[in-house]
Amino acid sequence: MKKSVFFGALTVAGLAAGASAAATLDDVKARGTLNCGVTTGLVGFAAPDANGNWDGFDVGICRAVAAAVLNDPTAVEFVPTTGKTRFTALASGEIDLLARNTTWTFSRDVDLKFEFVGVNYYDGQGFMIPKDMGVSSAKELDGATVCIQTGTTTELNLADFFRKNNISYEPVPIETNAEAQPLYLEGGCDVYTTDASGLAATRAAFENPGDHVVLPEIISKEPLGPLVRHGDNEWGDVNRWVLNALIAAEELGVTSANIDEMMSGTENPEINRLLGTEGNLGEMLGLDADWAARAIKAGGNYGELFEKHIGENTPVGLSRGLNAQWTDGGLLYAPPFR
């Protein structure tokens with residue numbers, strides 16, 4: 001659900017070059033809707049409910065951008081994309097923003113002509129197995145059948161890991177997480193591999209999640225984040241600083257509960273600049289003064305979004321880990337609002 005191998009890379013790059021000629025911020029404002037690419041369905045990150053209403057951690061990023069730009073967090077058209085279709089959808093202009101468990105890599109940034117606006121989840125590839133398989137390490141998976149999404153560099157990571165440890169495996173190709181779940185549960189493969197966060201989300205959707213374990217090995221670095229097309233710097237800045245606003249708000253103690261009070265003014269000049277009560281940061285982005293305040297109100301600051309959708313008290317059950325604020329030993333760090 002992330003790292004696409006570069007099938008048709010030249011075509012995608014060409015599409016990106018053409019689509020980015022337009023000023024996306026102006027297009028979104030004129031349309032009145034943000035077209036946001038998301039996964040086809042991953043519990044906690046992006047999934048529709050029975051009524052077709054999308055919710056999740058990545059969905060929260062889309063809604064924050066819509067709130068900042070359009071003054072309406074519901075003004076989002078969610079476009080489900082797979083590992084194979086997501087880059088074409090962005091490059092062609094079908095979507096304005098891609099927010100779906102996508103790993104920031106050199107080739108995607110440079111060769112495919114996309115711009116990652118930041119990292120919203122630091123992750124790594126892992127392995128999930130049935131508990132009764134009796135395996136405690138991925139190094140014990142010699143000869144296993146492995147469900148793996150096609151068109152992703154997960155395939156390359158997997159091949160490297162097994163080769164390095166001198167063990168063999170049989171790949172079982174799948175295209176989406178929805179396809180992987182029943183196949184894995186029915187014994188169509190011994191192992192499912194993807195980002196560890198995706199494994200946790202997948203397991204949370206099982207009828208008996210306790211019957212499955214995620215093995216301790218993390219075999220790659222997967223910095224996941226939203227991305228836009230190259231060449232449209234104004235739109236890239238808007239999305240980058242919306243994400244930074246959510247991260248900075250948590251660090252500065254600005255929450256969805258106290259933001260209205262803080263917007264009356266505080267003694268902290270950075271909070272005031274963030275919320276638009278001092279300075280002209282919104283004007284620099286082509287937005288009004290309250291853009292960041294609306295983004296934070298849409299679903300809360302970064303920590304609120306995390307705890308609500310994927311935190312330890314949710315079925316997904318993820319700890320903050322690397323995704324804690326830098327002040328708490330994590331990697332989250334927003335540049336100064338100055």
Exercise. Please state whether the rings of Phe45 and Phe57 are parallel, tilted or perpendicular, taking 30° and 60° as the class boundaries.
Key: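 Phe45 vs Phe57 ring planes: perpendicular.
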Exercise. Report the C-alpha separation of Val76 and Phe78 in whole Å, then their side-chain angles, then the decisive distance to 0.1 Å, and conclude whether the side chain to side chain contact (heavy atoms under 4.5 Å, CB included) test is met.
Key: CA-CA 6 Å; Val76 184; Phe78 291 100; 3.5 Å; yes
Is there a donor-acceptor pair under 3.5 Å between the side chain of [X] and the backbone N or O of [Y]?
{"X": "Thr85", "Y": "Thr82", "result": "yes"}
{"X": "Asn208", "Y": "Asp211", "result": "no"}
{"X": "Asp195", "Y": "Gly124", "result": "no"}
{"X": "Glu304", "Y": "Gly299", "result": "no"}
{"X": "Asn272", "Y": "Thr266", "result": "yes"}
{"X": "Asn165", "Y": "Phe161", "result": "yes"}
{"X": "Asp49", "Y": "Asn51", "result": "yes"}
{"X": "Asn239", "Y": "Val117", "result": "no"}
{"X": "Thr314", "Y": "Glu312", "result": "no"}

Do NZ/NE/NH1/NH2 and the carboxylate oxygens of [X] and [Y] come within less than 4.0 Å?
{"X": "Lys29", "Y": "Asp26", "answer": "no"}
{"X": "Asp123", "Y": "Lys221", "answer": "no"}
{"X": "Arg63", "Y": "Glu77", "answer": "no"}

Self-check item: Full working for side chain to side chain donor-acceptor pair (under 3.5 Å) between Gln149 and Glu175
Solution: CA-CA 5 Å; Gln149 291 191 35; Glu175 187 168 347; over 6 Å; no
Practice problem: Please check if the distance between the ring centroids of Phe127 and Tyr192 is under 6.0 Å. | Solution: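 No - the distance between ring centres of Phe127 and Tyr192 does not fall below the 6.0 Å cut-off.
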Practice problem: Measure from the ring center of His212 to the ring center of Phe206 and say whether it is less than 6.0 Å. | Solution: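 So the answer is yes for these two rings.
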Does [X], at its [atom1] atom, have more than 12 non-hydrogen atoms belonging to other residues, nucleotides or ligands within less than 6.0 Å?
{"X": "Asn166", "atom1": "CG", "value": "no"}
{"X": "Arg31", "atom1": "CZ", "value": "yes"}
{"X": "Glu140", "atom1": "CD", "value": "yes"}

Quiz item: Do Glu222 and Thr103 pass the side chain to side chain donor-acceptor pair (under 3.5 Å) test, and can you show the C-alpha distance, the side-chain angles, and the key distance before you say yes or no?
Solution: CA-CA 5 Å; Glu222 309 296 340; Thr103 303; 2.8 Å; yes
Exercise. Using the side chain to side chain contact (heavy atoms under 4.5 Å, CB included) rule, pick out the option among Thr255, Leu274, Leu305 that qualifies with Ile296.
Key: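 For Ile296, the side chain to side chain contact (heavy atoms under 4.5 Å, CB included) check succeeds only for Leu274.
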Self-check item: Charged tip of Arg229 within 45° of Phe114 ring normal and under 6.0 Å
Solution: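 No, Arg229 does not sit over the ring of Phe114.
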Quiz item: Is there side-chain contact between Val228 and Asp96, with heavy atoms separated by less than 4.5 Å?
Solution: no
Quiz item: Tell me, do Asn233 and Glu115 make a side-chain contact under 4.5 Å, heavy atoms counted?
Solution: yes
Practice problem: Could you check Gln125 against Thr194 for side chain to side chain contact (heavy atoms under 4.5 Å, CB included), going step by step and ending with a plain yes or no? | Solution: CA-CA 5 Å; Gln125 185 176 332; Thr194 187; 5.9 Å; no
Exercise. List the steps, then state whether side chain to side chain contact (heavy atoms under 4.5 Å, CB included) holds for Thr81 with Thr39.
Key: CA-CA 5 Å; Thr81 63; Thr39 180; over 6 Å; no
Quiz item: Excluding sequence neighbours, so at least two apart, what forms salt bridge (Lys or Arg N to Asp or Glu O under 4.0 Å) with Asp58?
Solution: none
